[in-house]
Each structure stands twice: as C-alpha cells, then as structure tokens.
Amino acid sequence: MSPVPAATDSSSRQITVTEHLLLHQKKSPEASGVFTQLLYDLILAAKLIARSVNKAGLLDVLGGTGETNVQGEHVQKLDEFANRILIHRMERSGALCAMASEENADLISIPRQFAKGDYILIFDPLDGSSNIDVNINVGTIFSILRRISPREEEVTLGDVLQPGYQQVGAGYVLYGPSTMLVYTTGHGVHGFTLDPSVGEFLLSHAKITIPANGNIYSVNEGNLFYWNEATARAIASFKSRENPGKKPYSLRYVGSLVADFHRTLFYGGIFMYPLDYKNREKPRGKLRLLCEASPMAFLAEQAGGAASDGEQRILDIVPQELHQRVPLYVGAKEDVDFVTALLREG
Ligand code: P6P
C-alpha cells in the first residue's frame, strides 16, 4: 500500500491553539491539561459570541436592554448575551473556582454541581460595546489567575485582588473583519485567526512584538478639558518634536480598547486613557484594572512593551476593589517610559 501522501496545502502547517498550548506545556511543566481545557472552553465561548457579533445587524440583538450595569453603563443586548455565554460555558469547564465579570457587581461562584479547579477567570465580555450598533470592532478581554487560598476553603475576594504580575494567562478576542485571538501565558504573545470554514483559530502571528518608533498616539482628545496641566502637557508632546520619535505622531482613536490596543501591538506607539477630573472630587481613570488594564499590561510587557498608570507599573498595582479603575498608558516601552517620566515630574 502506498504511504499516505503528506498534506500539501498550507493547512498542514497550520497550528491550532490547543497544539500551541501543548507545545508550551513542554516549556512550563506547571501548566496542566486543566489550563488547556480552560482556554479550550474560553475559545468555544468566543466562537459563539463571534457568531452573534458577526450577524448583529441581522438579528434582533442590536440596541440596549434598557438596563444599566454595575458600572452605571447602558447594557447592550450583545453585552448581556456575551456575558451569559461566558458564564454558562466557563462554569462547566472544571478549571475554575470563581469568575469575575465587568458586567457583574460581585464574584461569580461556580455552582455546586460542577467540578472546580484552581483558576480564576476575570473578563470583560464585550469591551467597546458602545460601538456595537455602528459595526466598529468590539472584543472580549480575559485575565487568568491561580487561587491563593487553600483548595478546601471558599474562594474569597483576596484570591481575585492579586497584582497583575500574578496572572498566569491573559488575552483578548477581537471581533472585526476577521476574528482574532491574541493571548499570552508568559511565553510571548501569539495571534490566532478564526478560519470560519473549519471553525478553528489557527496560528497567524507567532511571537508578536511591539515595534519601536511607531509614531501613533491614541487618546480621546475630547477629554482635554478634564485633564490636569501635567497630563495635557505630556500628551501635547506627541504633537511636537519633543518625544521619542522626534517628530509629531499621528492620532488614531477607535474608542474600543481592544481595537486601539491591537493596533498598538502591531504598529507601535502608545494608547492612553489618562486620569480625568470629570468628577472633581473623585478624579479617576475610566478603564478597569482587573479586566482591562492588567491583561493588556501583561500582553504589552510580553510583547516587549510597557504599561503604567502614569506613576507605576500596572502589573505592580495591588487591587483594592473588584471594579477598581486606573489611568492607562500602554504601548512601546520608549513611549510609555517617556510619558510616565513627564507625568511624574508633574
Ligand atoms: P471614551 C469602551 O466603552 C471603553 O471601556 C474602552 O473599550 C475604550 O477604550 C474606552 O471605553 C473609550 O472611552 O471615553 O473615549 O469613549
């Protein structure tokens, strides 16, 4: 019998996420099959969300539900749908002992009837949802921690309020012209593109690194009135020659963190959401530390970049509350270090 001819098309060289993870498991012996199962279930949830996001214009999922979430934001139907899909899928994964969602005020426990694991999943089910109705990219952002309390005890908030350097995994799914998964487990950043014909995320961008000298800055300039002097000056430097690029940068701003971060990851430059004084008594950042800034910071550092809150490294911040917000400066190291130094000078 003649040997089976090796596949000749490019698909024979395509690597799925599961294969890629198994390759990593060889590198990090502590990574167990449970982690692979966690990501597998997360990917299944993402495919289900992608299917609805891609048909949003055709299904009655556009528009809001008329409700507001813990953040006081209008809940879009797709937000709610994505949140339900993730919770339903992930509580059955057998990998988790708790979850936290941007859409839920409190920790989400794993129902008694399901097997539990030692991981905690924190997610923003559909970031950028304000852009859903105008067909602009939205995304799911996730962060994975390992519990620190003994397995036989109840999970507490202390298991979740860990600094970002404790993350064992982080990433996002970007729903756009193509659906992409970008993730890290601490061994670099890797991008997978969903091939709808086979329903698999296939490795399309291995070992992503943020290019230096990317001359793009990304910020909502409409908030200028709400920034303090030091912030306004620091951001203005990107419109002058007084910056690491030695020339004015281009401004690009989508208003979806996943889209703005994804562009920064590939083109370089910097994304900024500064502290703003919209509430004069309580100036704060807008982005959430646990489900937005921290996972993006882990990805940025793993891609050779940096992330700060304007004072300190995002990954060093010890969270005080579940929905804590922080300012975020993330992107190419030289740009983040430059603007952080200016802000520290005041
Ligand atoms: P603004 C989306 O609502 C989001 O949380 C992030 O995805 C995005 O970066 C930011 O808010 C945009 O905020 O105030 O510029 O519209």
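One-based numbering, in listed order, for ligands and for the atoms of each.
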> Can you list the atoms of ligand 1 that are under 4.0 Å from a heavy atom of G255?
Replying inline: 2 (C), 7 (O), 8 (C), 12 (C)
>> Salt bridge check, R313 against E301: does any charged N sit closer than 4.0 Å to a carboxylate O?
In response: yes
>> List ligand 1 atoms under 4.0 Å from E292, heavy atoms only on the residue side.
In response: 5 (O)
> Would you say N220 and ligand 1 have an N/O pair spaced under 3.5 Å apart?
Replying inline: yes
>> Could you identify the single nearest non-hydrogen protein atom to atom 3 (O) of ligand 1 and state the distance to 0.1 Å?
In response: K286 NZ, 3.9 Å
> Hey, is R288 touching ligand 1 through its side chain, its backbone, both or neither, going by heavy atoms under 4.0 Å?
Replying inline: side chain
> Does Y253 OH have over 12 foreign heavy atoms under 6.0 Å away?
Replying inline: yes
> Within a strict 4.5 Å, meaning less than it, do heavy atoms of the M272 and Y217 side chains meet?
Replying inline: yes
> What part of L257, side chain, backbone, both or neither, has a heavy atom within less than 4.0 angstrom of ligand 1?
Replying inline: both
> Should D127 be listed as contacting ligand 1, given a heavy-atom distance under 4.0 Å as the test?
Replying inline: yes
> Should you measure from each heavy atom of G128, which atoms of ligand 1 turn up under 4.0 Å away?
Replying inline: 2 (C), 7 (O)
> In terms of residue, atom name and distance, what is the protein heavy atom nearest to atom 15 (O) of ligand 1?
Replying inline: Y253 OH, 2.5 Å
>> So that I know where these two stand, are F338 and Y329 an aromatic pair - ring centroids less than 6.0 Å apart?
In response: no
> Hey, are E242 and R233 close enough for a salt bridge, meaning a charged N less than 4.0 Å from a carboxylate O?
Replying inline: no
> What's the shortest heavy-atom distance between E102 and D124, and which atoms?
Replying inline: OE1-OD1, 3.0 Å
>> Considering non-hydrogen atoms of the protein only, which is the closest contact for atom 14 (O) of ligand 1, and what is the distance?
In response: Y273 OH, 2.6 Å
> When the ring centroid of F142 is compared with that of F123, is the distance short of 6.0 Å?
Replying inline: no
